[in-house]
> 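Starting off with a structure, shown below.
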Number of protein chains: 2
Amino acid sequence: MAERKRQLVADELRDAALMLLATKGFDAVTVDEIVAAAGMSRRTFFRYFASKEDVVVRFLADMSAGIVAELAARPPAEPPSVALRHAVWVPFAACTDRPDHSERARVVVRLILDTPALQARWLERQIQWRADLAAELAARRGLDPDTDPYPRMAAGMTLLALDTVLRQWQAGDDEQHLAELTDRAFAVVAPALDAPTPSHGAG
Amino acid sequence: MAERKRQLVADELRDAALMLLATKGFDAVTVDEIVAAAGMSRRTFFRYFASKEDVVVRFLADMSAGIVAELAARPPAEPPSVALRHAVWVPFAACTDRPDHSERARVVVRLILDTPALQARWLERQIQWRADLAAELAARRGLDPDTDPYPRMAAGMTLLALDTVLRQWQAGDDEQHLAELTDRAFAVVAPALDAPTPSHGAG
DNA sequence: TATCTCTTGACACTCAGTGCCACCAACGGC
DNA sequence: GCCGTTGGTGGCACTGAGTGTCAAGAGATA
């Protein structure tokens, strides 16, 4: 009940912010304008979002929360490239299902890729995901995440594939090809993801 | 002559900043403290550096400026993994040569990896490098950088290897193993870098 | 010496983000 | 119905980053 109200306020703030930021550009919008559009006080904004960047980045971050969970749920015998491709697909599935959600997500992706400050925060988020993914991958293969570079680099390659797909998706106009873009991106990194672990003995 | 003086002022500012930031932590130091230590005015600081983060990040960015140039200078027939390994080695060579420079670089790397704001700016820099590397790689292999995901992803994997080496180097205490760390990181991504370009026909 | 240029310092300003306090609702006990 | 507690909100003042502007000083040239 109180939780529902909090979510309502956060949504209101986020909607007003995304509307303004997408139309006027990130730097041209102040927090005062956002809260004026949402009919709330400046102080309230910063109770819900850590920064102006946070409003935009959280929209995608929430969307991508299930990646690690999906990886943990994949069968252990599955090759890394296949398991990771399925994990990355989780946030995309929501886009292919609902076109309205998809169009909004594309606007947000475009805004992030066009704004250096947002891109930086977006990558900052990815650092945490990469660590989580790396831990999960290390557990899957029984590797030591501190000495073996494979888990962290495999996680990095996965996020690299995600980034590549988002860039091509945002640049194009058809969203039907999301699956194909994902396949092609993972085809590039798959030889390294599925390589017979040449670095084990050297650790 | 005037150029020399500018460089002198920038060095003074950078030294004072790195000293304070490394000892007190990034957030605990204000620009006013830095300029007080350097004996200059606040306004002058921002004429030489775009932001507080810029002082730290530029120290590594300058060090890494030669990567793309080295890649362009490698023989065209060389496999991508070998050429890129040589390119990444350029900034490391300066560290293995001069221990004093090396120790300072390690402090800066540690500071960046420990400070989210700095890490974000560091990644923001890497975005530009990745685009430059991708363009050079596309030219090398005659690929279209807009439709083929290989150049951008190969550049991303290279920076991923760089990041992995820096993380392990900063965590350990021996700098003699820089070459070995680099070899191991590139061994992970080499299968993808040197794969027989399976995505060509699909573009 | 007059002038032109380049750099600096000083001041004022915008804006992000935070700490603090007073206010207002909902809720439970007497 | 009156009370205290709890949680969210708005207002206010503050710090600190970053920018625009202008006047002053150093150095080179005619």
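Just so it is clear, the structure is predicted and the values come from calculations on it, not from any experiment. A note on names: the letters A, B, ... follow the listed sequences, proteins ahead of strands, and every chain is numbered from 1.
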> Please verify the inter-ring angle class for B:W122 with B:W129; under 30° counts as parallel, over 60° as perpendicular, anything in between as tilted.
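It falls in the perpendicular class, over 60°.
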> Say you draw a straight line from CH2 of B:W169 to CG of B:L178; how long is it, rounded to the nearest 0.5 Å?
6.0 Å
> For B:K5 and for B:A50, locate the closest nucleotide of DNA chain D by heavy-atom distance; then report the residue assigned to the nucleotide nearer the 5' terminus.
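Residue closer to the 5' terminus by nearest nucleotide: B:A50.
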> Using a 4.0 Å heavy-atom cut-off, does A:F45 contact any base of the nucleic acid, only the sugar-phosphate backbone, or nothing at all?
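If one applies the 4.0 Å heavy-atom cut-off, A:F45 turns out to touch nothing in the nucleic acid.
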> Could you tell me whether A:D54 and A:R121 make a salt bridge, using a distance below 4.0 angstrom between a side-chain N and a carboxylate O?
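Salt bridge between A:D54 and A:R121, a charged N being under 4.0 Å from a carboxylate O: no.
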> When all nucleic acid strands are considered with a 4.0 Å heavy-atom cut-off, which category describes A:K52: base, sugar-phosphate, or nothing?
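Answer is sugar-phosphate: A:K52 comes under 4.0 Å of backbone atoms only.
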> Find the distance between CD (A:Q168) and CZ (B:R152) and round it off to the nearest 0.5 Å.
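Rounded to the nearest 0.5 Å, the CD-CZ separation comes to 8.5 Å.
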> Considering only NZ, NE, NH1 and NH2 on the basic side and carboxylate oxygens on the acidic side, decide whether B:D148 and A:R184 come within less than 4.0 Å.
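No, B:D148 and A:R184 are not salt-bridged.
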> Who are the ring pair (Phe, Tyr, Trp, His ring centres under 6.0 Å) partners of A:F49, not counting sequence neighbours?
A:F45
> Going 5' to 3' on DNA chain C, which nucleotide is the first and which the last to come under 4.0 Å of a heavy atom in chain A?
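Answer, 5' to 3': C:dC15 to C:dC20.
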> Using 4.0 Å as the upper bound for N to carboxylate O, is an ion pair formed by A:R167 and A:D163?
yes
> Is the shortest side-chain heavy-atom distance between A:I67 and A:T158 below 4.5 Å?
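No, side chains not in contact.
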> In chain order, what residues pass the salt bridge (Lys or Arg N to Asp or Glu O under 4.0 Å) check against A:E124, with sequence neighbours excluded?
none
> For B:Y48, is the NZ or CZ atom of B:R6 found under 6.0 angstrom from the centre of its six-membered ring and inside 45 degrees of the ring axis?
yes
> Under a 4.0 Å heavy-atom cut-off, which of residues 22-40 of chain A touch DNA chain C?
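A:V29, A:T30, A:V31, in order of number.
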> From the 5' end of DNA chain D to its 3' end, which nucleotides mark the outer limits of contact with chain B, defined by a 4.0 Å heavy-atom distance cut-off (strictly under)?
D:dG16 to D:dT21
> Charged N to carboxylate O under 4.0 angstrom, B:E136 versus B:R140?
no
> Determine the contact category for B:R6: base if any of its heavy atoms lies under 4.0 Å from a base atom, sugar-phosphate if only primed atoms, P, OP1 or OP2 are that close, otherwise nothing.
sugar-phosphate
> Is any side-chain N of the basic residue among A:R104 and A:D100 closer than 4.0 Å to the acidic one's carboxylate O?
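Between A:D100 and A:R104 there is no salt bridge, as every charged N stays at least 4.0 Å from the carboxylate O atoms.
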> Between B:F49 and A:V9, name the one whose nearest nucleotide on DNA chain D is closer to the 5' end.
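Its nucleotide being nearer the 5' end, the pick is A:V9.
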> Side chains of B:V29 and B:F26: closer than 4.5 Å at any heavy-atom pair?
no
> So for the helix from C:dT1-D:dA30 to C:dC30-D:dG1, with five pairs setting each end axis, what is the inter-axis angle to 10°?
10°
